[in-house]
Amino acid sequence: MNQRNTLKINSEGHLEIGGCDAEELARRFGTPLYVFDEAYIREMMRTYKKSLEENYGGYGVVLYASKAFSCKAIYKIARSEGIGADVVSGGELYTALSAGFPADRICMHGNNKTPDELNYAVDSGVGVIVVDSELEADRLDALCEKKGVKQSVLIRINPGVEAHTHAYVQTATPDSKFGFSIANGTAKEMTAYVLGKRHLVLKGFHCHIGSQIFEKQSFVIAAEKMTDFIAKIKAECGFEAGMLNIGGGFGIYYTDEDPKLACSDYAGYLKALCDTVSDRAEKLGIAKPFLAIEPGRSIVGEAGVTLYTAGAVKNIPGIKTYIAVDGGMFENPRYALYQSKYTVVAAGKMNAPCTQKATIAGKCCESGDIIAVNVALPEIESGDVLAVLSTGAYNYSMASNYNRNFVPAAVLVRDGNADVIIKKQTYEDLVRNDVVPQRLK
Ligand code: LLP
């Protein structure tokens, strides 16, 4: 059913993921449940790594953008596949390090890292920190001076590429909060600024144009602009960047409105980036930079499925049918945030004909708490297990305890086995950090 063939319909007409019957998973672990397919994740990590080897002589690194899904198990997988990781907060860094992930293979992001986070990153020995403001360069330099160390850094550059995706996930438009613009000259100014910092070692530049992008051309234009920028800085400032981090952003299949990409297509994106940077560098007479990419969504997105139990089914005659599930915006806020679309299936009725269009509603106290609108489904009764596909990226990672609901458990499936990688929260977890001051007692 998906491009990596890890989702199937089994002989009982049930959805199967990683060799596990989805209905059985729901029964065994309860719902809502995030299910992650290990084989899928590994295959995607390998695809990028191999493409970098084949198309760029391996002179680079794949950094898994762990904001897409961060937990100890995923860093273990990334480590065992020999790739690095991108983290964007002290929390992600802590999770990676506590899973034994090597600090020197971590790239630290964030447009406003706190002093504590910078301190933690330097103390941990992260490989590279992407600087995104003068204030940060000042703070980091002062911190390193105090500690008597030097820190490798990249500067976040805004190459000015308006990728075709949701406005909230575009990150290289002229008005972006991220980076320094090549067009208005601040990228060059910032380069000179960082080069003047005695405790920062400028390695090169980073850009990330946005997320859920399919047009190869957008990535190619960004790569061209960044390589040109390296040449310009060499000519005008005498600094030749040794590293270029080109970000992530490759799109995935959610519904039939999206292309279905095979591994070879993702390898193709990377090849286009590698070829662009190599050719351009040669033409401009600069050394080929060490190339980093940061895919997140495309590694874990389609590897994930969320399982729910259907509750009330409410038909509003002439208007719509709501199927309420035991999850909602607290474990998948993407419809509420971006009107995201999903494919929804009835895990135990995969061969039943779809006879209705329904809206999948969550259990939170607001009308915008929707998981998916207008999805084709067979007849659904309360108790049926519904599976929402392609929920591996930015679902768990954006989950909250809204309405004091539990963040669900996550299981990792492989060859018919399922292991819990994130435990479901308990009532006790929900009040763990609550404090009742003496005067209220
Ligand atoms: N590198 C940087 C610096 C990023 O900001 C991001 C994503 C990535 C890499 C990974 O991009 P990916 O390959 O996953 O597209 N919450 C939104 C997505 C926000 C993406 C943020 N940055 C969503 O649910 O669609």
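All values reported here derive from a predicted model rather than from experimental measurement. Read the numbers this way: they start at 1 and go in the same order the structure lists the ligands and their atoms.
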| request: Enter the distance from Thr276:OG1 to Lys225:NZ here, rounded to the nearest 0.5 Å. | output: 14.0 Å
| request: Working to the nearest 0.5 Å, report the span between CD1 of Ile293 and CG of Leu291. | output: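 Spacing of CD1 (Ile293) from CG (Leu291) equals 7.5 Å.
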| Just checking, any donor-acceptor pair under 3.5 angstrom between side chains of Ser181 and Asn158? |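 No donor-acceptor contact under 3.5 Å links the two side chains.
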| message | Less than 3.5 Å apart, any donor N or O on the side chain of Asn395 or Thr391 sitting next to an acceptor on the other? | response | no
| Counting from 1, what ligand 1 atoms have a heavy atom of His206 closer than 4.0 Å? |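 Listed by number with element, the hits are 3 (C).
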| Which atoms from ligand 1 have a heavy atom of Gly296 less than 4.0 Å away? | 12 (P), 13 (O), 14 (O)
N/O to N/O below 3.5 Å, does that happen between [X] and ligand 1?
| X | result |
| --- | --- |
| His109 | no |
| Ser298 | no |
| Arg156 | no |

| salt bridge (Lys or Arg N to Asp or Glu O under 4.0 Å) partner of Glu240, chosen from Lys203, Lys234, Lys232 | Lys234
| message | When you measure from the centre of the six-membered ring of Tyr402, is the NZ or CZ of Arg404 closer than 6.0 Å and no more than 45° off the axis? | response | no
| Is ligand 1 less than 4.0 angstrom away from at least one heavy atom of Pro295? |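 It does, in that a heavy atom of Pro295 comes within the 4.0 Å cut-off of ligand 1.
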Could you tell me whether [X] approaches ligand 1 through its side chain, its backbone, both or neither, with non-hydrogen atoms closer than 4.0 Å?
| X | answer |
| --- | --- |
| Glu294 | both |
| Ile213 | neither |
| Ala68 | neither |

| request: Start with the C-alpha gap between Ser397 and Lys67, add the side-chain angles, then the distance that decides, and say whether side-chain contact (heavy atoms from CB on, under 4.5 Å) holds. | output: CA-CA 7 Å; Ser397 61; Lys67 69 206 75 185; 5.8 Å; no
